[in-house]
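This chain uses plain numbering: 1 for the first residue, then up along the sequence. Worth knowing before you read on, the calculation uses all heavy atoms, side chains too, and leaves out hydrogens, waters and symmetry mates. Please read these numbers as outputs of a predicted model, since none were measured by experiment.
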Amino acid sequence: MTPVDYRVQTTLITGASSGIGAEFARRLAARGSDLVLVARREDRLRELATKLTDTHGVSVAVIAQDLSLPDAGPTLAAATAARGLAVTGVINNAGFGCYGPFHTEDPARLASMINVNLAALVGISRAFIAPLRAAGTGVLVNVASVAGYLPLPSMAVYAAAKAFVLHFTEALWQESRGTGLRVLALSPGATSTEFFDVVGTDAADGGQPRQTPAEVVARALRTLDRRNPPPSVISGRRNRLTVAASRRAPRRVVLAVGAAIAARNA
């Protein structure tokens with residue numbers, strides 16, 4: 001595949017106000033990509049946009065949108081079209097988690113998480129996949145998680161949602177072969193972001209060391225820079241070893257270990 005020339009790209013990034021999304025924005029701006037930053041917190045987006053434009057001379061558009069609302073994909077596509085933005089790359093990074101036994105979770109909170117982590121991601125992918133394939137020069141990165149490889153007691157819906165993202169994105173990788181579009185499922189483990197503030201407990205990291213957003217994004221970009229990138233990548237050696245071990249162990253053992261970690265950190 002031809003290397004991505006980010007100087008001729010316009011990359012849309014969801015969840016861009018902080019964490020991994022903001023780091024993607026900084027790294028891609030440094031490579032010359034124009035950006036479309038999407039999140040609910042417009043003030044943070046505008047502050048970041050100003051810094052990136054001043055530092056790198058790229059064009060940065062800001063769209064404040066709540067991705068938990070219905071029709072996130074068509075709404076976002078209409079907003080970019082209204083501004084005359086020709087999006088050639090997408091980073092679907094927006095997402096959050098819930099922690100606790102499933103029977104105690106707030107149904108409204110779970111529904112909102114499913115909307116952001118699944119419905120919006122699929123809707124945005126569908127809304128932009130045709131122009132991305134037609135351009136054939138950019139990237140589609142969907143942020144999954146190491147949790148997508150494992151059934152996680154106390155994060156049952158979150159882990160299942162990330163498993164969907166992983167499998168969905170890998171299927172798009174196969175469907176997009178030969179188009180020039182680079183598709184990647186990025187699976188971080190515990191990362192030092194606002195994720196844990198939103199989920200409401202540090203126990204959600206399972207007691208594992210946390211990577212930085214810079215480490216996660218660097219791994220993603222190194223993977224995309226390959227001549228023939230794989231459909232998915234796990235960020236962090238410890239995380240890759242964890243997933244490898246879980247694939248060899250009986251499912252009862254994997255579940256028992258997950259339950260023990262959740263109980264230890266409760």
Quiz item: Without hydrogens or angle criteria, can the side chains of T75 and Q65 be said to hold a donor-acceptor pair below 3.5 Å?
Solution: no

Self-check item: Nearest heavy-atom neighbours spanning A25 and L37
Solution: CB-CD2, 3.8 Å

Quiz item: Going by distance alone, is a donor N or O of one side chain under 3.5 Å from an acceptor N or O of the other, for E170 and S232?
Solution: yes

Practice problem: For the pair T169 (side chain) and V165 (backbone), establish whether a donor and an acceptor sit closer than 3.5 Å, ignoring hydrogens and angles. | Solution: yes

Quiz item: What residues form a side chain to side chain donor-acceptor pair (under 3.5 Å) with R27, not counting sequence neighbours?
Solution: E23

Quiz item: So, are K51 and E47 salt-bridged, with charged N and O less than 4.0 Å apart?
Solution: yes

Practice problem: Just do the side chain to side chain contact (heavy atoms under 4.5 Å, CB included) check on V139 and I91 with the steps written out, would you? | Solution: CA-CA 8 Å; V139 302; I91 312 289; 4.1 Å; yes

Quiz item: Applying side-chain hydrogen bond (donor to acceptor under 3.5 Å, both in side chains), which residue pairs with at least one partner in residues 173-182 are found, sequence neighbours left out?
Solution: none

Quiz item: Excluding sequence neighbours, so at least two apart, what forms salt bridge (Lys or Arg N to Asp or Glu O under 4.0 Å) with D71?
Solution: none

Practice problem: State which residues pass salt bridge (Lys or Arg N to Asp or Glu O under 4.0 Å) with R222; sequence neighbours excluded, sorted by chain then number. | Solution: none

Quiz item: Where is the tightest heavy-atom contact between L45 and A16, given as atom of each residue plus distance?
Solution: CD2-C, 3.8 Å

Practice problem: Could you state whether L150 and L118 fall into the same hydrophobic cluster, counting links through intermediate Ile, Leu, Val, Met, Phe, Trp or Tyr residues with side-chain heavy atoms under 4.5 angstrom apart? | Solution: yes

Quiz item: Roughly how far, to the nearest 0.5 Å, is OH of Y149 from OG1 of T242?
Solution: 12.5 Å

Just list the side-chain donor-acceptor pairs under 3.5 Å for residues 78-85, sequence neighbours left out, or say none.
residue, atom, partner, partner atom, Å
T80, OG1, L76, O, 3.4
T80, OG1, A77, O, 2.8
R83, NH1, V62, O, 2.7
R83, NH2, V62, O, 3.2

Self-check item: Partners passing side chain to side chain donor-acceptor pair (under 3.5 Å) against N93 (at least two apart in sequence or in another chain)
Solution: none

Quiz item: Got a sec, which pairs hit salt bridge (charged side-chain N to carboxylate O under 4.0 Å, His left out) with one end in residues 5-21, sequence neighbours left out?
Solution: D5-R7

Practice problem: Would you please name every residue forming a side chain to side chain donor-acceptor pair (under 3.5 Å) with R238, sequence neighbours left out? | Solution: none

Quiz item: How far does CG of L152 sit from CG of L255, to the nearest 0.5 angstrom?
Solution: 9.0 Å

Exercise. Using only heavy-atom distances, determine whether the side chains of D34 and S59 contain a donor-acceptor pair under 3.5 Å.
Key: no

Practice problem: Can you establish whether the number of heavy atoms outside R226 located under 6.0 Å from its atom CZ is more than 12? | Solution: yes

Self-check item: Reported CD1-to-CD distance for the pair I63 and E42, which is rounded to 0.5 angstrom
Solution: 10.5 Å

Exercise. Treating Ile, Leu, Val, Met, Phe, Trp and Tyr as nodes and any side-chain heavy-atom pair under 4.5 angstrom as an edge, say whether L28 and V216 lie in one connected cluster.
Key: yes

Practice problem: Indicate, with yes or no, if Y6 and L132 share a hydrophobic cluster defined by side-chain heavy-atom contacts under 4.5 Å among Ile, Leu, Val, Met, Phe, Trp and Tyr. | Solution: no

Quiz item: Any side-chain heavy atom of F168 within less than 4.5 Å of one from L121?
Solution: yes

Quiz item: Of all heavy-atom pairs between G97 and Y158, which one has the smallest distance, and what is that distance?
Solution: CA-CD1, 3.7 Å

Self-check item: Min side-chain heavy-atom separation P213-T193 under 4.5 Å
Solution: yes

Quiz item: Would you find a donor on one side and an acceptor on the other, under 3.5 Å apart, between the side chain of S235 and the backbone of S187?
Solution: no

Quiz item: Where do L67 and T14 land on the side chain to side chain contact (heavy atoms under 4.5 Å, CB included) test, with the steps shown first?
Solution: CA-CA 9 Å; L67 298 182; T14 68; 3.9 Å; yes

Quiz item: Among L35, V36, V90, V38, whose side-chain contact (heavy atoms from CB on, under 4.5 Å) with I13 holds?
Solution: L35

Quiz item: Under the salt bridge (charged side-chain N to carboxylate O under 4.0 Å, His left out) rule, what pairs show up with a residue in residues 95-120, not counting sequence neighbours?
Solution: none

Quiz prompt | Considering all heavy atoms, the nearest A135-T88 contact | solution = CB-CG2, 4.1 Å

Exercise. Please lay out, stage by stage, how I234 and R219 fare under the test side chain to side chain contact (heavy atoms under 4.5 Å, CB included).
Key: CA-CA 8 Å; I234 298 169; R219 176 68 179 183; over 6 Å; no

Quiz item: Taking all non-hydrogen atoms of both residues, which atom of T223 and which atom of P230 are closest, and how far apart?
Solution: CG2-CD, 3.5 Å

Practice problem: Take S17 and R41 through the test side chain to side chain donor-acceptor pair (under 3.5 Å) and record every step on the way to the result. | Solution: CA-CA 7 Å; S17 60; R41 296 176 291 190; 3.0 Å; yes

Practice problem: Go through the structure and list residues passing salt bridge (Lys or Arg N to Asp or Glu O under 4.0 Å) with D225, not counting sequence neighbours. | Solution: R31

Quiz item: Judged by modelled atom types alone, do T11 and S33 share a side-chain donor-acceptor pair under 3.5 Å?
Solution: yes

Practice problem: Answer yes or no: is there a side-chain heavy-atom contact under 4.5 Å between P151 and V254? | Solution: yes

Quiz prompt | Spacing of OG1 belonging to T53 relative to CG belonging to L48, to within rounding of 0.5 Å | solution = 9.0 Å

Practice problem: Would you give the length of the straight line joining atom CG of L186 to atom CG of N142, rounded to the nearest 0.5 angstrom? | Solution: 10.0 Å

Quiz item: Does any N or O in the side chain of N92 come within less than 3.5 Å of the main-chain N or O of V143, such that one atom is a donor and the other an acceptor?
Solution: no

Self-check item: Exam field: side chain T191 to backbone G189, donor-acceptor pair closer than 3.5 Å
Solution: yes

Practice problem: Run the numbers on F102 and S154 for side chain to side chain contact (heavy atoms under 4.5 Å, CB included), then give the verdict. | Solution: CA-CA 7 Å; F102 177 69; S154 295; over 6 Å; no

Self-check item: Summary of side-chain hydrogen bond (donor to acceptor under 3.5 Å, both in side chains) pairs that have at least one residue in residues 127-140, sequence neighbours excluded
Solution: Q9-T137

Quiz item: Considering only heavy atoms from C-beta outward, does the side chain of M155 approach that of C98 to under 4.5 Å?
Solution: no

Quiz item: Taking a hydrophobic cluster as the set of Ile, Leu, Val, Met, Phe, Trp and Tyr residues connected by side-chain heavy atoms closer than 4.5 Å, whether directly or through intermediates, do V183 and F128 fall within one such cluster?
Solution: yes

For residues 243-253, tabulate all N or O donor-acceptor pairs below 3.5 Å that involve a side-chain atom, not counting sequence neighbours.
residue, atom, partner, partner atom, Å
S246, OG, V243, O, 2.7
R248, NH1, A244, O, 3.2

Quiz item: Are V4 and F24 in one and the same hydrophobic cluster, where Ile, Leu, Val, Met, Phe, Trp and Tyr link if side-chain heavy atoms are under 4.5 Å apart?
Solution: yes

Self-check item: Atom pair CG (L172) and CG (L181), whose distance is rounded to the nearest 0.5 Å
Solution: 9.0 Å

Exercise. Determine the minimum heavy-atom distance between A220 and L184, stating which atoms define it.
Key: O-CD2, 4.0 Å

Exercise. Would you indicate whether the side-chain heavy atoms of P131 and V87 approach each other to under 4.5 Å?
Key: no

